[in-house]
*Asks:* 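This is the structure, below, for whatever I ask next.
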Amino acid sequence: VKVLTGSSTVSSLRLIFIPIAAVLFLMIGYQYVCPADSNTCYFRSDEKGLFQRYSPGFNFTERDLDRHVDFNIRGDDVMVFLHIQKTGGTTFGRHLVKNIQLEQPCDCMPGQRKCTCHRPGRAESWLFSRFSTGWSCGLHADWTELTSCVPVVMNKRDKKNAPKSKRNFYYITMLRDPVSRYLSEWKHVQRGATWKTALHMCDGRPPTQDELPACYSGEDWTGVPLPDFMNCPSNLANNRQVRMLADLSLVGCYNMSSMSELERGRVLLASAKSNLRNMAFFGLTEFQRKTQYLFERTFGLRFIRAFTQINSTRAASVGISEKVRWRIEGLNALDMELYEYAKELFLRRYQYNRQRQHQEERLRRRLMENRGCSLPTATCRCS
């Protein structure tokens with residue numbers, strides 16, 4: 001019979017207690033980050049974090065990076081701005097109507113919310129946005145709503161026959177770091193914003209009350225604490241960027257019983273990535289100058305004034321603990337991966353375009369030199 005001494009008993013108890021304590025810690029942490037009524041959190045199999053990755057790595061083609069658009073402002077082309085809440089869309093939208101060098105600038109009257117953005121010599125709009133056409137497809141209409149609504153609205157406005165008038169609709173949007181965007185939306189709702197007049201149309205109808213229950217009773221959610229904001233399972237702030245960029249008809253719109261939550265997340269994320277990648281342009285709130293540069297390269301248009309990077313936002317002033325940050329990341333797991341994907345694509349596009357620009361400049365200099373031109377005066381001996 002083996003007799004345990006006092007010291008050996010203590011050591012044995014420590015060996016048993018440590019793994020039990022570790023398991024309890026993980027269980028408590030998981031319940032905080034992913035509460036029982038939340039279906040948005042999944043464990044992921046790699047070492048990078050708590051949440052499941054829905055797709056491996058990034059594999060972009062040259063077509064994904066080369067986004068030059070031959071935008072015919074004199075023809076029938078239309079630029080469509082998909083404005084996601086709290087992504088800096090209001091500022092970007094004002095750039096579109098007030099800050100682009102155009103042959104016929106948008107007419108923005110003092111005191112008026114909307115500007116008239118007509119094509120040169122024609123009383124037809126080339127821009128579909130909050131500050132030009134208003135919320136013609138509903139307040140903060142998403143990809144699902146816009147793609148079915150915009151062609152009808154624009155043809156009606158311009159009195160065109162849709163089958164005979166083949167238009168190019170160039171969709172653009174802005175994205176933002178999901179945690180900052182989420183906190184900004186919370187502060188906005190806390191001040192009284194609701195967006196309750198949004199239509200959320202999908203497959204020809206809005207969601208029912210059962211499909212999209214309200215998070216609050218009364219007129220608004222003024223003064224809502226952050227924990228209450230996070231605890232509402234039907235809060236559209238959760239993964240808002242993925243939802244607004246995906247084709248919701250692929251998942252039964254707002255009918256959550258059409259498939260499992262895991263499968264729904266996979267389909268939505270894949271659709272949002274595809275739609276974002278195939279858009280004419282998207283920018284990132286955190287990279288204002290690069291956003292300006294890529295827009296100008298994409299559309300061949302120039303802004304009058306440089307974009308300004310503003311980091312002192314309301315979201316930046318909110319102090320949160322690491323646990324609260326984990327919780328927000330868990331509630332926005334799809335948005336977190338979409339943003340990671342978007343940021344990689346955005347920065348690669350920027351690098352690709354800078355390289356192309358340098359190649360174009362070198363080629364231009366060689367052509368000038370071959371023609372006997374002196375730089376920088378560029379006086380040539382031959383044409």
Side-chain angles (χ1 to χ4, degrees), residues 60-84 87-108 114-122 124-133 143 146-147 150-151 154 158 165-175 245 275-309 342-343 345-361 364:
F60 300 123
T61 65
E62 185 171 358
R63 181 180 178 277
D64 296 331
L65 304 181
D66 189 2
R67 304 303 292 169
H68 175 72
V69 170
D70 186 16
F71 186 70
N72 186 2
I73 196 170
R74 287 182 167 274
D76 292 323
D77 292 354
V78 178
M79 191 181 300
V80 183
F81 179 35
L82 194 165
H83 184 171
I84 301 173
T87 59
T90 298
T91 299
F92 185 76
R94 290 198 179 105
H95 281 308
L96 293 176
V97 298
K98 295 184 177 181
N99 193 27
I100 299 181
Q101 296 176 9
L102 295 171
E103 179 182 344
Q104 182 173 327
C106 295
D107 185 12
C108 301
K114 294 190 293 184
C115 303
T116 301
C117 296
H118 283 164
R119 307 179 192 279
R122 292 163 59 190
E124 297 179 2
S125 181
W126 57 269
L127 175 65
F128 188 98
S129 75
R130 168 189 178 183
F131 293 123
S132 56
T133 54
W143 189 93
L146 289 176
T147 51
V150 170
M154 293 304 290
D158 298 339
S165 175
K166 294 183 178 179
R167 291 173 175 245
N168 294 316
F169 293 97
Y170 296 106
Y171 286 81
I172 63 176
T173 194
M174 291 288 293
L175 295 182
L245 289 173
N275 290 338
L276 183 71
R277 185 175 64 250
N278 292 317
M279 278 184 171
F281 164 83
F282 72 88
L284 298 182
T285 308
E286 290 76 18
F287 299 93
Q288 290 292 315
R289 293 296 180 89
K290 289 181 173 66
T291 292
Q292 176 180 352
Y293 173 80
L294 283 178
F295 180 93
E296 292 177 341
R297 288 282 297 181
T298 299
F299 287 99
L301 299 171
R302 293 291 178 269
F303 288 102
I304 301 168
R305 296 175 300 278
F307 286 18
T308 304
Q309 187 71 52
K343 184 176 178 181
L345 177 56
F346 177 87
L347 293 177
R348 288 197 193 183
R349 281 182 179 175
Y350 177 78
Q351 184 180 32
Y352 177 88
N353 276 275
R354 293 294 293 180
Q355 292 173 347
R356 284 290 297 271
Q357 183 182 11
H358 292 154
Q359 292 171 358
E360 292 164 4
E361 290 172 352
R364 191 181 303 114

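None of these values were measured; they are calculated from a predicted model.
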*Asks:* Could you work out, with ring pair (Phe, Tyr, Trp, His ring centres under 6.0 Å) as the rule, every residue matching Tyr293, not counting sequence neighbours?
*Replies:* Tyr350
*Asks:* So, Phe128 versus Phe169, ring centres under 6.0 angstrom or not?
*Replies:* no
*Asks:* Taking all non-hydrogen atoms of both residues, which atom of Leu65 and which atom of Leu345 are closest, and how far apart?
*Replies:* CD2-CD1, 3.9 Å
*Asks:* Do Phe71 and Asn168 come within less than 4.5 Å of each other through their side chains, counting heavy atoms only?
*Replies:* no
*Asks:* Heavy-atom distance under 4.5 Å between the side chains of Tyr171 and Asn275, does that happen here?
*Replies:* no
*Asks:* To check you understand the geometry: which heavy-atom pair defines the closest contact between Thr173 and Met279, and what is its length?
*Replies:* CG2-SD, 3.7 Å
*Asks:* Going by salt bridge (charged side-chain N to carboxylate O under 4.0 Å, His left out), name the residues that satisfy it together with Arg364, two or more places apart in sequence or in a different chain.
*Replies:* none
*Asks:* Can you tell me how the ring of Phe295 sits relative to the ring of Phe303, calling it parallel under 30°, perpendicular over 60° and tilted otherwise?
*Replies:* tilted
*Asks:* Decide yes or no on disulfide bond (SG atoms under 2.5 Å apart) for Cys115 and Cys106, but give the supporting numbers first.
*Replies:* CA-CA 6 Å; Cys115 303; Cys106 295; over 6 Å; no
*Asks:* Any heavy-atom pair between the side chains of Thr298 and Arg349 that's under 4.5 Å?
*Replies:* no
*Asks:* Please report the closest heavy-atom contact between Ala280 and Phe299, naming both atoms and the distance.
*Replies:* CB-CZ, 3.9 Å
*Asks:* Test: salt bridge (charged side-chain N to carboxylate O under 4.0 Å, His left out). Region: residues 277-292. Which pairs qualify, not counting sequence neighbours?
*Replies:* Asp64-Arg277
*Asks:* Quick one: does any side-chain atom of Thr291 pair with a main-chain N or O of Leu284 as donor and acceptor, under 3.5 Å?
*Replies:* yes
*Asks:* Do the side chains of Phe131 and Thr90 get nearer than 4.5 Å, heavy atoms only?
*Replies:* yes
*Asks:* Taking the side chain as every heavy atom from C-beta outward, state whether Leu175 and Thr87 have any atom pair closer than 4.5 Å.
*Replies:* no
*Asks:* Under the salt bridge (charged side-chain N to carboxylate O under 4.0 Å, His left out) rule, what pairs show up with a residue in residues 293-302, not counting sequence neighbours?
*Replies:* Arg297-Glu360
*Asks:* For the residue pair Met174 and Thr91, establish whether any side-chain heavy-atom pair is separated by less than 4.5 Å.
*Replies:* no
*Asks:* Report yes or no: does Asp77 contribute a side-chain atom to a donor-acceptor pair with the main-chain N or O of Ile73 at less than 3.5 Å?
*Replies:* no
*Asks:* With a 4.5 Å cut-off on side-chain heavy atoms, are Gln357 and Glu361 touching?
*Replies:* yes
*Asks:* Got a salt bridge between Asp158 and Arg119, using NZ or NE/NH1/NH2 to carboxylate O under 4.0 Å?
*Replies:* no
*Asks:* Please round to the nearest 0.5 Å and tell me the distance separating atom CG of Leu96 and atom OG of Ser132.
*Replies:* 8.0 Å
*Asks:* Any heavy-atom pair between the side chains of Gln288 and Thr285 that's under 4.5 Å?
*Replies:* yes
*Asks:* Please report the interatomic distance OH(Tyr170) to CG(Asn72), rounded to the nearest 0.5 Å.
*Replies:* 8.5 Å
*Asks:* Looking at every heavy atom in both Asn278 and Arg67, which two are closest together, and how far apart are they?
*Replies:* O-NH2, 3.1 Å
*Asks:* Once ring pair (Phe, Tyr, Trp, His ring centres under 6.0 Å) is applied, do any residues pair with Phe81, and if so which ones, sequence neighbours excluded?
*Replies:* His83, Phe92
*Asks:* What distance do Ile304 atom CD1 and Leu102 atom CG have between them, rounded to the nearest 0.5 Å?
*Replies:* 8.0 Å
*Asks:* Which heavy atom of Ser125 sits nearest to which heavy atom of Met154, and what is that distance?
*Replies:* O-CE, 3.5 Å
*Asks:* So which heavy atom on Phe60 is nearest to which on Arg348, and how close?
*Replies:* CD1-NH1, 3.5 Å
*Asks:* For Glu103, which residues count as a salt bridge (charged side-chain N to carboxylate O under 4.0 Å, His left out) partner, sequence neighbours excluded?
*Replies:* Arg74
